[in-house]
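All remarks here apply to the structure that follows.
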There are 2 protein chains.
Amino acid sequence: MTTSTRKQRELQAREELILDAAQSMLHQHGYNYLTMERIAETVEYSKGTIYNHFASKEDLVCSLCCRCITNLIDVFERAYQYRGSTRERFSAIGIAYSLYLQLNPMDSQNILTVKNNAIREKISKEKLIEMESLEREITTIAKSIVQQAIDIGDLDNKHQHHLSTIVFGFWSMHYGALLLDQSGIPLEQLGFSPVVQMLWTNANIFLDGYQWQPLSTVTDTARLFEKISSALFD
Amino acid sequence: MTTSTRKQRELQAREELILDAAQSMLHQHGYNYLTMERIAETVEYSKGTIYNHFASKEDLVCSLCCRCITNLIDVFERAYQYRGSTRERFSAIGIAYSLYLQLNPMDSQNILTVKNNAIREKISKEKLIEMESLEREITTIAKSIVQQAIDIGDLDNKHQHHLSTIVFGFWSMHYGALLLDQSGIPLEQLGFSPVVQMLWTNANIFLDGYQWQPLSTVTDTARLFEKISSALFD
DNA sequence: GAATTATTATGACGTAGCGTCAAATAATGT
DNA sequence: ACATTATTTGACGCTACGTCATAATAATTC
């Protein structure tokens with residue numbers, strides 16, 4: 001029993017070690033430099049051992065992605081706990097998302113990588129299921145705030161059947177914005193402002209569109225942004 | 001002179017041939033099946049000749065992407081010409097985008113591929129510039145409608161300095177939604193409705209948020225969607 | 001129209017990196 | 001101490017990219 005759990009723990013520890021090495025390598029030299037061989041060298045195990053942990057390079061990257069979503073869930077939960085109106089708490093989720101990905105550009109990269117079909121095809125079924133389950137978890141947090149807003153009356157209950165549409169809209173807006181940002185489109189050159197700023201404006205407009213109270217027109221949004229972001233990232 | 005242009009034309013024709021072959025291969029068997037060797041076989045030229053046209057596999061895929069953006073520009077221009085209010089014309093752009101990518105899922109795939117940093121690194125400078133120029137062109141169309149809306153007064157001119165923010169918000173929302181859709185997240189399973197439908201709802205809410213007249217509350221949006229989409233795709 | 005030169009096409013070759021598997025090594029049980 | 005089971009290893013096979021010397025073809029000159 002103890003033996004078995006010690007083994008487990010050792011395995012687990014090594015897995016983390018590998019993931020850390022991969023992450024740092026990715027961070028420093030990018031995806032193309034990341035090879036199974038190099039990871040093996042770095043952690044001082046053989047390639048075969050790496051393959052005992054991860055079915056493929058893609059599986060490994062997907063695992064990094066799972067870690068990232070786990071981190072995001074953490075931040076989302078802090079946003080969920082934020083003391084304020086439902087609208088503020090939902091906004092907090094948006095801020096959490098955008099600041100997290102801004103602070104960890106490599107993670108946006110990985111998300112983008114894993115979403116690519118060519119890569120996805122090579123990810124094992126199990127890893128995909130793991131990731132899906134995390135994704136379900138994270139959308140659940142967002143959905144529950146919307147539900148609460150409807151229950152309280154901050155959001156008209158004619159939107160009850162739009163519940164997931166609201167979440168989806170908010171999500172896709174952030175997702176799209178951050179991916180556009182990450183993907184080397186020269187936004188400034190095309191005449192755009194900093195992404196986090198535009199996102200905050202548009203998120204507010206979007207929620208105003210749904211008449212989610214209190215509207216941004218009666219709020220000091222700049223100050224709110226500061227408050228929420230320091231509440232989340234300190 | 002004539003000789004040179006004939007040469008040019010032959011080259012151009014072959015380039016199209018290669019791109020067609022690649023597109024169809026991609027369509028039928030996916031990115032991982034696509035190899036330079038197989039393309040060469042299909043078009044009955046040698047690998048070296050393919051490399052005379054495209055500096056790398058990534059360059060080739062980027063070229064496909066450029067073709068796709070060119071198509072999008074076409075549809076955007078039709079949207080621009082749509083006879084109706086500025087709001088309808090801007091909405092038409094959203095519909096154009098979402099229906100085009102819905103009808104050509106392989107193109108969304110390619111966009112996703114090309115946006116990936118690992119891939120982008122391998123694309124030649126020239127191709128990237130070519131693509132950026134197309135991207136500039138396409139955003140210009142969207143921006144000009146927003147400008148017209150402000151000039152006419154459909155959109156309050158306090159939004160003048162948000163002009164690009166509006167375009168960016170609209171773009172990112174659509175972009176994010178369609179990528180989420182393409183990237184195998186089991187949206188229905190997570191309790192979401194069909195993407196095009198959610199997008200249409202959210203796009204309207206977004207524009208309502210900016211108070212872009214006439215608001216969706218005084219519009220038969222379902223009918224409008226039908227009208228616009230048949231105007232664009234027939 | 002033959003000779004020369006310029007252009008273009010070819011595919012064998014070098015290389016990188018993935019993933020496998022038989023053999024070596026370590027751990028565990030008796 | 002020996003047998004059995006589990007884990008680790010790295011050489012090997014394979015695929016696919018991209019190159020380049022050579023061959024083939026086209027253009028030009030005389």
Side-chain angles (χ1 to χ4, degrees), chain A residues 1-15 17-18 21-22 25-26 29-64 113-114 116 118-127, chain B residues 1-15 17-18 21-22 25-26 29-64 113-114 116 118-127:
Chain A
M1 178 65 197
T2 32
T3 324
S4 126
T5 49
R6 198 204 66 213
K7 265 280 168 57
Q8 303 280 97
R9 266 180 292 134
E10 278 176 13
L11 268 256
Q12 185 61 37
R14 191 160 66 200
E15 194 147 318
L17 184 68
I18 297 171
M25 193 175 288
L26 215 43
H29 302 99
Y31 188 84
N32 290 320
Y33 183 83
L34 185 79
T35 72
M36 295 307 251
E37 221 119 8
R38 270 197 267 262
I39 294 172
E41 269 173 50
T42 306
V43 298
E44 295 184 290
Y45 283 97
S46 75
K47 199 155 45 133
T49 301
I50 310 292
Y51 275 96
N52 278 347
H53 288 269
F54 303 98
S56 66
K57 179 180 174 181
E58 287 76 17
D59 251 46
L60 196 155
V61 173
C62 187
S63 302
L64 284 178
T113 302
V114 164
N116 191 297
I119 306 287
R120 275 172 50 84
E121 273 176 19
K122 300 188 186 168
I123 301 176
S124 67
K125 196 121 195 172
E126 298 80 48
K127 262 285 169 294
Chain B
M1 176 66 196
T2 32
T3 324
S4 125
T5 49
R6 199 205 65 212
K7 265 279 168 59
Q8 303 278 97
R9 267 180 291 133
E10 277 175 14
L11 268 257
Q12 186 59 38
R14 192 161 64 201
E15 194 147 317
L17 183 68
I18 296 171
M25 194 175 289
L26 215 43
H29 301 100
Y31 189 83
N32 291 319
Y33 183 84
L34 186 81
T35 72
M36 295 307 252
E37 219 117 12
R38 270 196 268 262
I39 294 172
E41 269 173 51
T42 306
V43 298
E44 294 184 291
Y45 283 97
S46 75
K47 199 155 44 131
T49 301
I50 310 291
Y51 276 97
N52 278 346
H53 288 269
F54 304 98
S56 66
K57 181 181 173 182
E58 287 74 20
D59 251 46
L60 195 156
V61 173
C62 186
S63 302
L64 284 178
T113 302
V114 164
N116 191 297
I119 306 287
R120 274 172 53 82
E121 273 177 19
K122 301 187 185 168
I123 301 176
S124 69
K125 197 121 194 171
E126 299 79 49
K127 263 284 170 292

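A, B, ... follow the sequence lines: proteins, then strands. Residue 1 opens every chain. What you see is a predicted model; the values in this text were computed from it and never measured.
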From [atom1] of [X] over to [atom2] of [N], roughly how many Å is that when rounded to an integer?
| X | N | atom1 | atom2 | result |
| --- | --- | --- | --- | --- |
| B:Met36 | C:dA12 | CE | P | 18 Å |
| A:Phe54 | D:dT8 | CZ | C1' | 16 Å |
| B:His53 | C:dT8 | NE2 | C1' | 10 Å |
| B:Asn52 | C:dA6 | CG | P | 19 Å |
| B:Arg14 | D:dT25 | CZ | C1' | 12 Å |
| A:Lys122 | D:dT15 | NZ | P | 14 Å |
| A:Asn32 | D:dC17 | CG | P | 14 Å |
| A:Ile50 | C:dT20 | CD1 | P | 15 Å |

Q: Would you check if the side chain of A:Lys57 reaches a backbone N or O of A:Leu34 as a donor-acceptor pair within less than 3.5 Å?
A: yes
Q.
Using a 3.5 Å distance criterion without hydrogens, assess whether the side chain of A:Ser56 forms a donor-acceptor pair with backbone atoms of A:Lys122.
A.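 Checking the backbone N and O of A:Lys122 against the side chain of A:Ser56, a donor-acceptor pair under 3.5 Å is found.
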Closest to side chain of [X], choosing from [options]:
| X | options | value |
| --- | --- | --- |
| A:Thr35 | C:dG11, D:dT8, C:dG17 | C:dG17 |
| B:Tyr51 | C:dG11, D:dG18, D:dT8 | D:dG18 |
| B:Glu58 | C:dC18, D:dG18, C:dA9 | D:dG18 |

Q: May I ask you to evaluate whether A:Arg38 reaches the phosphate of C:dA16, defined as a side-chain N or O under 4.0 Å from OP1 or OP2?
A: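 Checking A:Arg38 against C:dA16: no side-chain N or O falls below 4.0 Å of OP1 or OP2.
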Heavy atoms only, 4.0 Å cut-off, all strands: where does [X] land among base, sugar-phosphate and nothing?
| X | result |
| --- | --- |
| B:Lys47 | base |
| A:Thr49 | base |
| A:Ile39 | nothing |
| A:Leu34 | sugar-phosphate |

[X] versus [Y]: any side-chain heavy-atom pair under 4.5 Å?
| X | Y | result |
| --- | --- | --- |
| A:Val61 | A:Ile119 | no |
| B:Leu60 | B:Ile39 | yes |
| B:His53 | B:Asp59 | no |

(Q) Judged by each residue's nearest nucleotide on DNA chain C, which is more toward the 5′ side, A:Glu37 or A:Gly48? (A)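 Checking each residue's closest nucleotide, the 5'-ward one belongs to A:Glu37.
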